[in-house]
Amino acid sequence: MASSEEDGTVEEKENNNKKRTKSALVTAWLTFYNIAMTAGWLVLAITMIRFYILKGTHKGLYRSIARTLKFFQTFALVEVGHCAVGIVRTSVIVTGVQVCSRIFMVWFVTNSIRQIQNEESVILFLVVWTMTELTRYSYYTFNLLHHLPFFIKWARYNFFIVLYPLGVVGELLTIYAALPFVRRSGMYSMRLPNKYNVSFDYYYFLIIVMLSYIPLFPQLYLHMLRQRRRVLHGEVIVEKDD
Ligand SMILES: CCCCCCCCCCCCC[C@@H](O)CC(=O)SCCNC(=O)CCNC(=O)[C@H](O)C(C)(C)COP(=O)(O)OP(=O)(O)OC[C@H]1O[C@@H](n2cnc3c(N)ncnc32)[C@H](O)[C@@H]1OP(=O)(O)O
């Protein structure tokens, strides 16, 4: 009896040690990830400001940041993994839609269609994304380090009220500006007849993407409003599982 109790205690201690090591590793990884992402978006912010001060125009700005933007925005896919393995308390679906729509905007719209890269709408969503991500990643970092300045917490859960709709306007206007070029060039499209017997029209696909903002964006926005009430006003929110 005594030996089985002892065994239980040893097992419990081992389990607790494993949990502590795992949680220390997770915290270390998340801290590293969030610092790296804050640094990345800070580099983007500084490059954009420098470009504008030196050139006095937004023309060519996208080209000057394209590589860094593609790298850091694509790297954000890791966040979907964080949710999937359960190391952050966030919905895989909400994060997946948010990250994938951004990656789509970067790679399959802005980067693929040179003619739209100097549109004002591109600058609009770039500035909005940068402000959002600087706030968001510094919030996570300071939170993990248990030294969260109130201003950062306030900014994380208030800026989005204005920035989210502005970002959506920038993205939608950019896709809209892309439509004539996509139609003329027939890019990413497959017309029949072809050896796969499949037809795909990227022009109509982009229109469907634009329309999909109507049901999806309100859900993301409402999610953030709920997070705001939970964090800033201490409300207990019961969210449905994925
Ligand atoms: C293939 C074709 C695709 C076509 C798709 C068409 C889509 C159409 C609709 C899409 C519209 C998107 C438009 C968008 O791109 C525009 C913009 O982004 S504009 C800029 C403004 N944007 C924002 O403000 C974004 C706000 N949204 C979000 O932040 C998110 O929805 C999300 C990134 C998912 C974060 O939400 P989350 O639920 O995670 O909220 P919290 O930040 O409160 O976090 C909850 C808890 O998890 C902890 N956490 C999360 N991540 C981390 C991390 N990296 N490190 C450490 N901890 C983390 C966080 O601390 C919270 O913990 P706790 O509950 O303990 O406080």
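These figures come from a predicted structure and were not determined experimentally. In listed order, ligands and their atoms are each counted from 1.
- For atom 31 (O) of ligand 1, the closest non-hydrogen atom on the protein side is Val94 CG1, 3.6 Å.
- Closest non-hydrogen pair, Tyr176 versus Met210, comes out as CB-CE, 3.8 Å.
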request  = Kindly indicate, with the supporting measurements, whether the criterion salt bridge (Lys or Arg N to Asp or Glu O under 4.0 Å) is fulfilled by Asp201 and Arg191.
outcome  = CA-CA 8 Å; Asp201 196 322; Arg191 307 239 186 277; 3.4 Å; yes
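- The aromatic rings of Tyr137 and Tyr33 sit perpendicular to each other, their planes meeting at more than 60°, with 30° as the lower class boundary.
- Protein heavy atom at the shortest distance from atom 15 (O) of ligand 1 is Glu171 OE2, 2.7 Å.
- In this structure, atom 62 (O) of ligand 1 has no protein heavy-atom contact shorter than 4.0 Å.
- Protein heavy atoms are found less than 4.0 angstrom from atom 17 (C) of ligand 1.
- The heavy atom nearest to atom 3 (C) of ligand 1, out of those in Ala76, Pro218, Ser101, Cys83, is found in Ser101.
- For Met105, no heavy-atom contact with ligand 1 is shorter than 4.0 Å.
- In terms of protein heavy-atom proximity, atom 4 (C) of ligand 1 is nearest to Val209 CG1, 4.0 Å.
- Taking each of Val80, Val88, Leu166 in turn, the one with a heavy atom nearest to atom 48 (C) of ligand 1 proves to be Val88.
- In this structure, the separation between CG on Leu69 and OG1 on Thr74 is 8.0 Å, given to the nearest 0.5 Å.
- Checked against a 3.5 angstrom limit, the closest N/O atoms of Thr95 and ligand 1 fall outside it.
- In this structure, the protein non-hydrogen atom closest to atom 28 (C) of ligand 1 is Met224 SD, 3.6 Å.
- Ligand 1 has no N or O atom lying under 3.5 Å from any N or O atom of Arg136, backbone or side chain.
- An N or O contact shorter than 3.5 Å is missing between Glu79 and ligand 1 by distance.
- Here the straight-line distance linking atom NZ of Lys70 with atom CH2 of Trp107 works out to 4.5 Å at 0.5 Å rounding.
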task = Check step by step if side-chain hydrogen bond (donor to acceptor under 3.5 Å, both in side chains) holds for Arg183 and Tyr204.
result = CA-CA 9 Å; Arg183 175 161 247 181; Tyr204 289 108; 3.2 Å; yes
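- To the nearest 0.5 Å, atom CD of residue Gln115 and atom CZ of residue Arg184 are 8.0 Å apart.
- Polar contact check, Ser212 against ligand 1: no nitrogen or oxygen pair lies under 3.5 Å apart.
- Between Tyr140 and ligand 1, at least one N/O pair is under 3.5 Å apart.
- Close approach of ligand 1 to Leu216 (heavy-atom distance below 4.0 Å) involves ligand atoms 7 (C), 8 (C), 9 (C).
- Not a single heavy atom of Met131 sits less than 4.0 Å from an atom of ligand 1.
- At least one N or O atom of Asn34, backbone or side chain, sits closer than 3.5 Å to an N or O atom of ligand 1.
- The protein heavy-atom contact nearest to atom 35 (C) of ligand 1 is Arg156 NH2, 3.6 Å.
- Looking only at protein heavy atoms, the nearest one to atom 23 (C) of ligand 1 is Thr132 CG2, 3.4 Å.
- Of all protein heavy atoms, the one lying nearest to atom 65 (O) of ligand 1 is Arg89 NH2, 3.1 Å.
- In plain terms, the two heavy atoms of Ser121 and Leu173 that are nearest each other are CB-CB, 3.6 Å.
- Under the side-chain hydrogen bond (donor to acceptor under 3.5 Å, both in side chains) criterion, Tyr188 pairs with Ser112, not counting sequence neighbours.
- Among the atoms of Tyr33, none of the N or O lies under 3.5 angstrom from an N or O of ligand 1.
- In this pair, Tyr221 and Tyr164 present their aromatic rings tilted. The plane angle is within the 30 to 60° band.
- Looking at ligand 1, you'll find an N or O of His223 within less than 3.5 Å of one of its N or O atoms.
- Looking only at side-chain heavy atoms (C-beta outward), Trp41 and Thr132 stay at 4.5 Å or farther from each other.
- Atom CG of Leu144 and atom OG1 of Thr31 lie 4.5 Å apart (nearest 0.5 Å).
- Tyr157 and Tyr139 have their aromatic ring centers within a separation under 6.0 angstrom.
- With hydrogens and angles ignored, the 3.5 Å screen pairs no side-chain donor or acceptor of Thr95 with any backbone N or O of Val92.
- Remark: ligand 1 and Tyr137 share no N or O pair separated by less than 3.5 Å (distance only, no angle test).
- Residue Val128 has at least one heavy-atom neighbour below 4.0 Å for each of these atoms of ligand 1: 19 (S), 20 (C).
- The Gly167 neighbourhood of ligand 1 comprises atoms 19 (S), with distances under 4.0 Å to a heavy atom of that residue.
- Heavy-atom proximity to atom 26 (C) of ligand 1, evaluated over Phe217, Tyr164, Tyr213, Trp107, is greatest for Tyr164.
- Distance check, rounded to the nearest 0.5 Å: OH of Tyr202 to CE of Met187 gives 6.0 Å.
- Put simply, part of Tyr157 is less than 4.0 Å from ligand 1, judged by heavy atoms.
- Nearest protein neighbour of atom 45 (C) of ligand 1, counting heavy atoms only, is Gln227 NE2, 3.4 Å.
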message = Using side chain to side chain contact (heavy atoms under 4.5 Å, CB included), reason through Thr110 and Leu126 one step at a time and then give a plain yes or no.
response = CA-CA 11 Å; Thr110 320; Leu126 284 178; over 6 Å; no
